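First up is the structure itself, then whatever we jot down about it.
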Amino acid sequence: MSQTKQIEEKWQKKWENARIFEADPDPQKKKMLVTFPYPYMNGPLHVGHTFTATRVDAYARFKRMQGYNVLWPWSWHWTGQPLLGASERVAKGDEAYIRVLREVDGVPEAELKKFVDPLYMAQYYTNEGRSAATRIGFSIDWRREFNTVMPTYQKFIEWQYTHLKEKGYVTRGTHPVVWCPKDKSPTGDHDRQVGEGVTPEEYTLIKYKLDEKTYLPAATFRPETIYGVTNMWINPEAAYVEAKVNGENWIISQEAAEKLKEQERTVEVKRVFKGRELIGKSFENPLTKAKFPILPGWFVDPKQASGVVYSVPAHAPYDWLALKDLQEKPEVLKDFGVDVEMVKQIKPISLIAVEGFGEYPAVEIVEQMGIKDQHDPRADEATKALYKKEFHAGVLKQNCGRYAGKTVREVKDTLIRDFREIGAADSMYDLPDPVVCRCMTPCIVKILSDQWFLNYSDPAWKEKAKEAVAQMQIYPDAARQWFIAVIDWLKEWACARTTGFGTPLPWGKGWIIETLSDSTIYMSFYTINKHIRQHGIKPESLTHEIFDYVFYGKGSEVALSKTSGISVEVLRDMRAEFLYWYPFDLRVSAKELVPNHLTFCIFHHAALFPPEQWPRAIGVNGMLMIEGKQMHKSKGNFVTMKNAVERYGADATRCALLLGAEGMDDPDWRGENAADIRGKFESLHNLALGIIEKAKSDEAAHLEKWLLSKMQQRIAEVTRNLEELKTRTALEIALFEVWNDFRWYTRRKGETEAKAVQEALEVWLRLLAPFAPHICEELWSAAGKENFISLAEWPRVDEGKVDVLAEERENLLTDLIEDTLNVLRATKISPTRVCYYTANGWKWSVYRSILEKAVQGEVKVNEVMKELAKDSSLRENMKAVASFVPKVLKTLSKLPNERKARLAKVEIANEKEFIESALGFLEERFNAKVAVYGEEDQARFDPKRRAALAVPGQPAIYIE
RNA sequence: GCAGAGGUCGCCGAGCCAGGUCAAAGGCGUAGGCUUCAGGAGCCUAUCCCGUAGGGGUUCGUGGGUUCGAAUCCCACCCUCUGCACCA
């Protein structure tokens with residue numbers, strides 16, 4: 001292909017041959033361990049991975065140039081279910097899927113056939129991934145690579161979990177999951193045909209009594225409303241059952257009975273009957289023992305929860321509407337033998353006081369919204385709105401027993417607990433919306449028992465995790481709040497499952513440690529895997545005691561050497577290497593990993609390592625979009641790392657990605673942008689070669705000083721931003737702002753023959769090297785440098801080259817041009833002659849004395865005048881001074897303090913000569929004759945008498 | 001719903017934490033000009049509105065408020081994106 005490709009591959013080869021990214025402990029140098037979460041290998045690396053990883057690489061390269069001993073290792077995640085699922089689809093001949101593999105992933109036909117073996121598939125993508133990562137120029141030490149099904153890695157995970165269990169962080173319990181009865185496995189979001197995002201909801205069942213030995217467990221999310229119950233709703237047409245549930249007599253819908261069987265209940269159905277059988281009977285409130293009637297409610301869905309619903313018309317719009325219906329159309333009751341008068345007597349019972357509503361909020365909201373009946377879709381809206389309002393702001397009234405006076409939000413949990421304790425309540429799970437498995441079977445909720453959990457609910461563990469967050473850097477810092485929120489919110493996490501690849505639980509029977517749980521502290525494994533590989537250490541040698549020694553320093557290496565067969569030296573090296581590199585200094589990922597992986601990583605470090613080995617910094621970035629849309633293989637907008645590099649080259653791909661966004665904003669990948677950047681690098685290449693070729697003059701005058709001074713500013717800016725992982729800003733300055741500096745210099749000077757320009761170029765290349773390493777190596781070498789720019793010293797600000805005067809002079813010139821252009825725009829003159837008049841001596845001295853005061857603080861006109869009046873040299877001019885001072889004050893007030901301070905520091909003497917030195921430039925710029933005069937020059941051309949308007953730093957202008 | 005992040009001049013995006021330097025950086029796009037055999041690229045100029053002198057007017061999701069002064073601080077509201085669990 002192109003020259004670009006040749007250059008890039010040439011340097012990649014050179015880096016590899018010189019092994020410059022292989023990092024070993026070096027006590028002389030400060031270490032820097034940067035990491036990227038290993039990608040899951042059921043597909044190729046894509047530009048989303050590339051974005052995050054390029055941020056890591058840019059930081060790594062920056063730190064390497066700063067003299068750090070930088071280690072960037074990389075590995076592959078093979079744990080879990082999807083690899084198996086993918087390979088199964090290939091085996092089954094799923095055409096749609098195979099086409100994606102062929103067309104999107106670019107898998108050759110011969111390989112595709114072998115994908116029936118999931119491990120082969122993983123290995124294929126791993127090999128592809130490694131070559132893509134190399135081809136984009138990531139500075140990785142590959143000697144430490146592994147995948148998560150390697151026996152040696154699994155020994156490490158066993159060690160980790162044995163310790164977690166010992167420390168009490170692993171617990172056992174039950175958990176509700178969405179379950180496919182046919183597959184007999186949990187149905188995750190990816191495995192669903194219908195119902196993405198649906199999760200089990202827990203209903204409280206209020207155990208109303210039908211008679212002494214029979215309960216009607218009514219399902220609700222608002223158990224506090226038990227104090228406002230007025231009746232029960234039963235669907236007369238639905239099938240209900242009388243069943244023995246855990247030894248008690250329950251009446252529930254037939255569907256509910258089936259559901260409860262999967263929720264750790266023994267259910268024995270005694271008889272099935274129509275709901276109408278219950279209508280007209282009465283039931284008892286378990287708290288108050290008061291009796292209420294059972295009424296027909298056709299809206300009751302037997303498929304939802306228990307199929308038994310109690311009615312609170314004061315606070316539930318549906319209940320009110322249904323009751324009103326019956327009261328207004330009593331004829332429907334006739335069939336049921338219900339006392340119509342009794343139904344008409346039913347009055348809502350209010351139990352929650354909420355601002356903005358009176359006695360019966362449900363009645364009011366129904367009237368306000370003009371909802372006619374229970375079939376009105378807005379009844380749902382009203383229910384949600386009222387529930388929200390009452391939950392947050394509602395206060396329980398006097399009739400609510402011991403909960404009176406509290407808000408609903410405050411007492412909800414205690415109330416449920418209390419009710420359960422006295423046997424008045426139970427609970428069940430159900431799905432708010434239907435879920436259908438990929439296999440087309442409708443799903444239910446199942447409570448899994450004997451699950452293993454990581455107990456993220458443990459308050460002491462949460463506390464430790466927060467301490468870890470408090471002592472680390474987070475880029476951007478806005479994400480810190482999020483981490484804290486996630487730590488608070490996380491609860492028990494099921495850490496093992498029964499299918500998929502992974503490490504078996506050391507104590508488990510058939511349990512495999514799940515993917516998000518086997519990837520929390522593996523960054524420490526990188527520090528020793530180099531030795532494991534180099535010395536061919538067998539997994540059986542990697543015992544619990546060996547890891548205890550390496551990571552905790554426990555035991556003697558001599559004894560351990562005997563039992564393990566690993567030499568004493570190697571053991572010592574492993575221990576030393578761990579101590580040298582750990583903890584990791586930076587880990588970067590997209591923000592989707594904040595609520596899981598990254599926070600788990602923090603938790604596990606807090607659990608297993610002392611504070612000195614807790615993470616130093618975490619970087620979080622946005623999720624990559626493709627041409628403004630989310631990237632999906634199925635949407636056909638999937639861009640792989642390999643393809644991007646092939647098409648645009650490594651440097652352009654890297655920079656186009658980094659320029660997309662920083663912080664937590666989502667970057668957008670646009671092919672057009674990448675092509676633009678590629679073009680820019682071509683121009684840069686030519687520009688740089690031109691500079692190198694021409695550099696010969698020793699001139700070091702004003703403009704050279706200006707350029708070098710400007711470069712000092714750029715060095716400071718790029719460095720500061722990179723330190724905070726602001727890769728976009730840093731690159732924007734390193735590429736575009738610096739380029740503009742060179743443009744300005746070239747325009748002003750007309751050529752680039754000074755050696756100073758090459759000096760500046762060498763700074764530029766180094767500032768750009770972390771982002772676009774290949775072209776920078778190429779140009780660095782073209783500039784006659786023998787070393788790699790990848791290892792060159794990061795430029796440091798040289799205070800001796802900061803030249804405020806030179807910069808302020810150029811500022812004066814740009815201001816002057818801007819003012820002139822403004823006048824031209826306003827007057828629409830095509831100028832033939834432009835005249836400038838610079839301020840005279842006394843103006844300069846007044847200006848300076850005001851400037852000095854302005855730097856101190858506020859300046860008052862009268863005070864200035866008083867002081868100036870003392871100056872005898874000004875006395876004859878006091879009238880002019882008096883009109884001049886306010887003008888200066890106005891001009892200065894527009895300047896930032898920093899600029900004022902700079903101006904006060906330098907003496908822009910000889911304003912006139914300076915402008916004269918730029919006459920050629922100005923004439924070309926305006927395509928007109930340009931002249932400069934002192935404002936009092938006798939010989940000046942000044943037909944409109946504008947010269948007197950001159951202010952220091954702002955010459956008067958006349959144009960014709 | 002809960003949590004986190006956002007809404008800026010055609011687009012992408014700085015600025016907001018530390019209020020005045022902000023009609024608001026930079027890139028892209030668009031228009032005009034220069035250069036070039038041509039294509040491309042490069043360079044220059046313009047790009048909210050008005051203005052025959054360096055000025056003025058109206059803008060930073062919407063509506064209020066604080067302040068001499070707000071894109072920036074406070075309150076309310078609207079909208080967008082991301083995550084929400086056994087799944088990588």
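Below, chains carry the letters A, B, ... as their sequence lines are ordered, and counting in each starts from 1. These figures come from a predicted structure and were not determined experimentally.
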Residues passing the salt bridge (charged side-chain N to carboxylate O under 4.0 Å, His left out) test with A/K491, sequence neighbours excluded, are none
Given atom CZ of A/R222 and atom P of B/G1, what is their separation to the nearest angstrom?
16 Å
Categorize A/P955 for me: base, sugar-phosphate, or nothing, with a 4.0 angstrom heavy-atom threshold over every strand shown.
base
Using a 4.0 Å heavy-atom cut-off across all strands, classify A/Q954 as base, sugar-phosphate, or nothing.
base
Applying a 4.0 Å non-hydrogen cut-off, can you work out what A/A826 is touching in the nucleic acid: base, sugar-phosphate, or nothing?
base
P atom, B/U45 versus B/G27: distance in rounded Å?
12 Å
Protein-nucleotide distance (A/L731, atom CG; B/G27, atom P), rounded to Å
13 Å
Report all interatomic pairs (protein N or O, nucleotide N or O of nucleotides 41-45 of chain B) with separations under 3.5 Å.
residue : atom : partner : partner atom : Å
B/C43   : OP1  : A/R743  : NE           : 2.7
B/C43   : OP1  : A/R743  : NH2          : 2.7
B/U45   : OP1  : A/R747  : NH2          : 3.4
B/U45   : OP1  : A/R925  : NH2          : 3.0

Hits for side-chain contact (heavy atoms from CB on, under 4.5 Å) against A/T499, two or more places apart or cross-chain, chain-then-number order -> A/Q81, A/R497
Quick check on contacts: within residues 658-669 of chain A, what sits under 4.0 Å from RNA chain B by heavy-atom distance?
A/M664, A/D665, A/D666
Quick one: A/Y958 OH to B/U52 P, roughly how many Å, whole number?
17 Å
Pairing check on B/C22: which nucleotide meets the Watson-Crick or G-U wobble criteria with it, both distances under 3.5 Å?
none
A/E737 side chain, from C-beta outward: closest of B/G54, B/A88, B/G26:
B/G26
Most 5' of A/L816 and A/P82 on RNA chain B, judged by nearest nucleotide:
A/L816
Could you tell me whether A/K491 contacts a base, only the sugar-phosphate backbone, or nothing, with contacts defined as non-hydrogen atoms closer than 4.0 Å?
base
Given B/G27, B/U52, B/G83, which nucleotide is nearest the side-chain atoms of A/T827?
B/U52
Looking at B/G54, which nucleotide sits across from it as a Watson-Crick or G-U wobble partner, both distances under 3.5 angstrom, or is there none?
none
Please enumerate all residues that pass salt bridge (charged side-chain N to carboxylate O under 4.0 Å, His left out) together with A/E751, with sequence neighbours excluded.
none
Which listed nucleotide (B/C12, B/A46, B/G83) is nearest to the side chain of A/R670?
B/C12
Scan A/L516 against the nucleic acid and name what it touches under 4.0 Å (heavy atoms): base, sugar-phosphate only, or nothing.
base
C1' atoms of B/G69 and B/C11, separation to the nearest Å
32 Å
Holding to salt bridge (charged side-chain N to carboxylate O under 4.0 Å, His left out), I want the full list of residues that pass it with A/K633, two or more places apart in sequence or in another chain.
A/D105
Once ring-ring contact (aromatic ring centres under 6.0 Å, His included) is applied, do any residues pair with A/Y837, and if so which ones, sequence neighbours excluded?
A/Y933
Base, sugar-phosphate alone, or nothing: which one does A/N686 contact when heavy atoms must sit under 4.0 Å apart?
nothing
Counting any heavy atom closer than 4.0 Å, what does A/T746 reach on the DNA or RNA strands: base, sugar-phosphate only, or nothing?
nothing
Does NZ or CZ of A/R678 fall inside the cone over A/Y648's six-membered ring, less than 6.0 Å from its centre and within 45° of the axis?
no
By nearest atom, which of the nucleotides B/G26, B/A88, B/A5 is closest to the A/A478 side chain?
B/A5
Atom-pair distance (CG on A/N721; C1' on B/A14), nearest Å
11 Å
Minimum-distance nucleotide (side-chain atoms of A/N822 versus B/G55, B/G4, B/A53):
B/G55
Does either side chain, that of A/T729 or that of A/E662, offer a donor lying less than 3.5 Å from an acceptor on the other one?
yes
Side chain to side chain donor-acceptor pair (under 3.5 Å) contacts touching residues 947-960 of chain A (sequence neighbours left out):
A/R833-A/E960, A/Y958-A/E960
Closest-nucleotide mapping onto RNA chain B: is A/T820 or A/F736 further toward the 5' terminus? I mean the 5' end.
A/F736
Does A/K462, at its NZ atom, have more than 12 non-hydrogen atoms belonging to other residues, nucleotides or ligands within less than 6.0 Å?
yes
Side chain of A/M623 (C-beta onward), nearest among B/U47, B/G83, B/A88
B/G83
Pairing nucleotide - B/A3, Watson-Crick or G-U, each distance under 3.5 Å
B/U82
A/A839 to A/V951 - nearest heavy-atom pair and separation:
CB-C, 3.7 Å
Apply the ring pair (Phe, Tyr, Trp, His ring centres under 6.0 Å) test between A/Y38 and each candidate in A/Y522, A/W78, A/W76; give the one that qualifies.
A/Y522
Look at the side chain of A/E514 and decide which nucleotide, out of B/A46, B/A88, B/A53, has an atom nearest to it.
B/A88
When rounded to whole Å, the CG to P distance for the pair A/L598 and B/G83 reads 14 Å
Using the P atom in both, what is the distance from B/C16 to B/A71, to the nearest Å?
14 Å
Considering only side-chain heavy atoms of A/Q81, which listed nucleotide, B/A88, B/A25, B/A53, is closest?
B/A88
Report the distance from atom CG of A/N596 to atom C1' of B/G4, rounded to the nearest whole Å.
14 Å
Across every strand shown, the nucleotide meeting Watson-Crick or G-U wobble geometry with B/C17 (both distances under 3.5 Å) is none
B/C11: pairing nucleotide in any strand, Watson-Crick or G-U under 3.5 angstrom
B/G27
Residues that A/S185 engages under side-chain contact (heavy atoms from CB on, under 4.5 Å), provided they are two or more places apart
A/D183
Could you work out the separation of B/A3 and B/U8 based on their C1' atoms and round it to a whole Å?
26 Å
In whole Å, what is the span from the NZ atom of A/K412 to the C1' atom of B/G1?
13 Å
Does any donor atom in the side chain of A/T79 or A/D518 lie under 3.5 Å from an acceptor atom in the other side chain?
yes
B/C77 - base-pair partner by Watson-Crick or wobble geometry, distances under 3.5 Å
B/G61
Test of understanding: with salt bridge (charged side-chain N to carboxylate O under 4.0 Å, His left out), list the residues that count as partners of A/D458, not counting sequence neighbours.
none
Pairing partner of B/G39 (Watson-Crick or G-U wobble, both distances under 3.5 Å)
none
State which residues pass ring-ring contact (aromatic ring centres under 6.0 Å, His included) with A/Y745; sequence neighbours excluded, sorted by chain then number.
none
Is there aromatic stacking of A/W489 against B/A85, centre distance under 5.5 Å, plane angle under 30°?
yes
Write out a two-atom table: protein N or O, nucleotide N or O from nucleotides 73-78 of chain B, distance below 3.5 Å.
none

Given atom CG of A/L949 and atom C1' of B/G55, what is their separation to the nearest angstrom?
14 Å
Among B/A85, B/G54, B/G26, the one nearest A/N740 by side-chain distance
B/G26
